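Have a look at the structure below, then the notes.
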Amino acid sequence: MYRLVNAFYFSPTGTTGKVAARLAEELSRSMCIEKNVRIIDFTLPDKREVQYDFADDDLVVVGVPVIAGRVPNVLLKFLNAVRGNNASAVALVVYGNRNYDDALVELKDLLEKAGFIVKAGCAFIGEHSFSNVLAKGRPDGEDMSLAEEFAAKISEKIKSGTDSPVEVKGNKNYSSYYKPRDREGNPVDFRKIVPKTGPSCTGCNICIEVCPMGSIDSEDPSRMSGICIKCCACVKNCPTQAKHFDDEHFVMHKRELEEDCRERKEPELFLQH
């Protein structure tokens, strides 16, 4: 039925990629597809300069992180250029234990517009990009076990020949991007906030290599030459903890998230039979 299972994802801190790869691996195993899973990680800028074309005998797990309750807007042009060609897809979003809002329905719509047939959808939790505390260590073993079980259910649906469309949670009239607020309740614009570089920087340039926007100056890692999407890949991958955010509004929002969103949230799975 399928030639290949693909894990196709954007994952600056690795959480989305971890879930997408596991889903793809389990789908391949449960459907007895002999070829290895094809991993297509489009996190880095050069990978988004490629034209991706799938075929009707492809099964594709498409994963993106949730940023401000939506599909990251920096990915919209890229995703609109992907050609699904009636490939089957599983829509996956990963969020930091606050809420995924309308991100999943938005991703499903984008995939259908690109020519994919969306068989299933899911929202998993990953350690929040801002924090080492919020949803720490997730996706964890429980999440991965659930991903395996969900892959088996998707496989059963596909093998049964059922082609009912999947409905996922979210507003078709997508909500505005989530905006943090200051102590007076006024919206705060985070777009111009960028990470700082402390004196412990050794010039290893790892931050330059992992930035998904290619925005860290190649000659001076303390300088930004492009936009920052607050994915915190540079912060979480810095071996000396030199990268950090010190903007007062950013720090306050981080603390609020850690306080208000402590209760463990569980993945949500969508699969109509």
Side-chain angles (χ1 to χ4, degrees), residues 6-22 24 37-50 52 61-68 70-79 82 92-97 103 124-140 143 190-247 250-251 253-254 257:
N6 305 263
F8 185 59
Y9 58 80
F10 179 83
S11 187
T13 59
T15 56
T16 301
K18 184 177 179 181
V19 182
R22 180 61 62 87
V37 169
R38 180 169 64 166
I39 301 292
I40 308 174
D41 179 352
F42 57 87
T43 304
L44 296 181
D46 62 325
K47 301 300 183 183
R48 299 195 299 278
E49 294 174 1
V50 177
Y52 294 99
V61 179
V62 184
V64 300
V66 177
I67 295 183
R70 299 276 301 276
V71 172
N73 61 3
V74 296
L75 297 181
L76 298 181
K77 181 179 178 181
F78 168 76
L79 290 172
V82 175
L92 161 70
V93 298
V94 176
Y95 70 104
N97 211 59
F124 276 75
I125 295 85
E127 182 173 296
H128 200 288
S129 59
F130 291 4
S131 173
N132 293 319
V133 176
L134 186 56
K136 182 177 177 62
R138 297 187 71 184
D140 56 19
D143 297 317
F190 276 13
R191 285 176 295 180
K192 293 184 179 180
I193 299 172
V194 296
K196 300 295 178 61
T197 305
S200 62
C201 175
T202 63
C204 70
N205 291 344
I206 289 174
C207 58
I208 297 171
E209 296 167 5
V210 301
C211 177
M213 303 311 298
S215 293
I216 301 176
D217 193 291
S218 61
E219 300 296 325
D220 181 358
S222 69
R223 294 176 54 193
M224 298 289 291
S225 55
I227 67 169
C228 173
I229 62 171
K230 317 302 175 293
C231 70
C232 293
C234 62
V235 174
K236 293 203 170 185
N237 283 286
C238 179
T240 63
Q241 290 78 56
K243 286 287 185 182
H244 63 281
F245 285 89
D246 63 1
D247 178 88
F250 185 95
V251 172
H253 178 56
K254 172 179 173 291
L257 286 172

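Everything numeric in this text was worked out from a predicted model, so none of it was measured. Note: hydrogens, waters and symmetry copies are ignored here, and every other heavy atom, side chains too, is used.
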Between atom NZ of Lys243 and atom SG of Cys201, what is the distance when rounded to the nearest 0.5 Å?
-> 7.0 Å
Do you know the tightest heavy-atom contact between Pro221 and Ile216?
-> O-CG2, 3.5 Å
N/O donor-acceptor pair under 3.5 Å between Lys236 side chain and Ser131 backbone | yes
All heavy atoms of Pro212 vs all of Arg48, minimum pair found to be O-NH2, 2.7 Å
Which one of Leu92, Val19, Ile39, Val62 satisfies the side chain to side chain contact (heavy atoms under 4.5 Å, CB included) criterion with Tyr9?
-> Ile39
From NZ (Lys196) to OG (Ser222), nearest 0.5 Å = 11.0 Å
Measure the spacing between CZ of Arg223 and OG of Ser215 and express it to the nearest 0.5 Å.
-> 13.0 Å
Are the side chain of Ser200 and the backbone N or O of Thr240 linked by a donor-acceptor pair below 3.5 Å?
-> yes
Quick one: pull up CD in Glu209 and SG in Cys204 and give me the separation to the nearest 0.5 Å.
-> 7.5 Å
Would one find more than 12 heavy atoms of other residues, nucleotides or ligands at under 6.0 Å from atom CZ of Arg38?
-> yes
Distance in Å, Met213 CE paired with Met224 CE, rounded so as to fall on 0.5 Å steps | 9.5 Å
Between Asp143, Thr15, Val64, Ile125, which is the residue that forms a side chain to side chain contact (heavy atoms under 4.5 Å, CB included) with Val94?
-> Thr15
Check: Phe245 ring centroid to Phe130 ring centroid under 6.0 Å | no
Indicate the ring-plane relationship of Tyr52 and Phe8, choosing parallel, tilted or perpendicular according to the 30° and 60° boundaries.
-> perpendicular
Output the distance between atom CG (Asn97) and atom CG (Leu257), rounded to the nearest 0.5 Å.
-> 10.0 Å
